[in-house]
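Since the structure comes first, as structure tokens, the remarks are kept for the end.
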Amino acid sequence: MNRTRVITATVVTALAIGSGIAFAKPAGPARVAAEPILLHAVGNYITLQPGQEATVRSRQCPDGEMAISGGVQSSAAPGAFTLTVSTPWWDHGPRGWLAGGRNSGSQPIDMYVYGFCTAATMPDTLLPGLPSGQTGEG
């Protein structure tokens, strides 16, 4: 009987110690970066005549900055503009935005391409095989 009590006491003690580890004090709140992330937009536009298709790049992000997002907007009526491409353009990293579209309507339309830039760096090891000056424009 004493042997059973010793084993039971040992198991209970081990579980109590183990549960203390399992219920450790939770970590404090997540910390937020002290510096805000500053963004600015670079853009460009073209007027597409009826039936015309074109590809346009935004202006280039300033030195030391990269495009982290972008897009395209048109002044076309619904169904009169077809987006053909929307992607970053590259020169050792995303330096702006590239977009293409087709005016399938009967009136001229404006196509505006924009990119959002911020201070960033990208190691060249993430860009294998891209020759210097590659822009993503075919």
Side-chain angles (χ1 to χ4, degrees):
M1 250 330 178
N2 284 341
R3 189 172 182 181
T4 304
R5 287 184 192 159
V6 172
I7 293 173
T8 303
T10 305
V11 171
V12 169
T13 304
L15 289 174
I17 292 170
S19 67
I21 294 170
F23 295 105
K25 182 179 175 185
R31 294 180 11 165
V32 178
E35 297 295 321
I37 297 172
L38 302 176
L39 298 176
H40 71 273
V42 291
N44 200 3
Y45 80 97
I46 187 172
T47 300
L48 296 174
Q49 299 302 318
Q52 183 182 3
E53 183 173 335
T55 303
V56 180
R57 333 188 280 199
S58 70
R59 302 227 186 293
Q60 182 171 333
C61 293
D63 287 341
E65 295 192 14
M66 292 186 174
I68 59 167
S69 183
V72 61
Q73 177 179 342
S74 84
S75 62
F81 176 75
T82 303
L83 179 66
T84 57
V85 65
S86 180
T87 186
W89 63 270
W90 291 80
D91 183 4
H92 293 293
R95 300 294 186 214
W97 209 257
L98 172 86
R102 178 176 40 255
N103 181 350
S104 49
S106 59
Q107 299 294 319
I109 60 171
D110 290 331
M111 180 176 74
Y112 180 72
V113 179
Y114 55 90
F116 294 108
C117 305
T118 191
T121 59
M122 180 178 284
D124 285 338
T125 57
L126 296 178
L127 305 169
L130 283 181
S132 178
Q134 177 79 25
T135 62
E137 292 188 67

Same hydrophobic cluster for Leu83 and Val56, using side-chain heavy-atom links shorter than 4.5 Å among ILVMFWY? yes
Of the non-hydrogen atoms in Val113 and Arg57, which two are nearest, and what is the gap between them? CG1-C, 4.4 Å
What residues form a ring-ring contact (aromatic ring centres under 6.0 Å, His included) with Phe81, not counting sequence neighbours? none
Quick one: pull up OG in Ser75 and CG in Asn103 and give me the separation to the nearest 0.5 Å. 8.5 Å
Provide the closest heavy-atom pair for Cys61 versus Ala67 in the form atom of the first, atom of the second, distance. SG-N, 3.5 Å
Under the salt bridge (charged side-chain N to carboxylate O under 4.0 Å, His left out) rule, what pairs show up with a residue in residues 93-104, not counting sequence neighbours? Glu53-Arg102
Heavy-atom pair of closest approach, residues Ile109 and Ala80: CD1-O, 4.3 Å
Residue pair Ala54 / Met111: nearest heavy atoms and the distance that separates them: O-CE, 3.9 Å
Rounded to the nearest 0.5 angstrom, the OH-OG distance for Tyr45 and Ser74 is 14.5 Å
Closest non-hydrogen atoms of Arg59 and Val42, given as atom of the first, atom of the second and distance, are O-CG2, 3.2 Å
Rounding to 0.5 Å, atoms OG1 (Thr118) and CE (Met66) come to a distance of 11.0 Å
Would you please say whether a donor-acceptor pair under 3.5 Å links the side chains of Asn44 and Ser58? no
Is it true that, when you exclude Tyr112 itself, more than 12 heavy atoms of the residues, nucleotides or ligands shown sit nearer than 6.0 Å to its OH? yes
Between Ser86 and Gly71, which heavy-atom pair has the shortest distance, and what is it? OG-CA, 4.0 Å
Let me confirm one number: the CD1-CG distance from Ile46 to Asp110, rounded to the nearest 0.5 Å. 9.5 Å
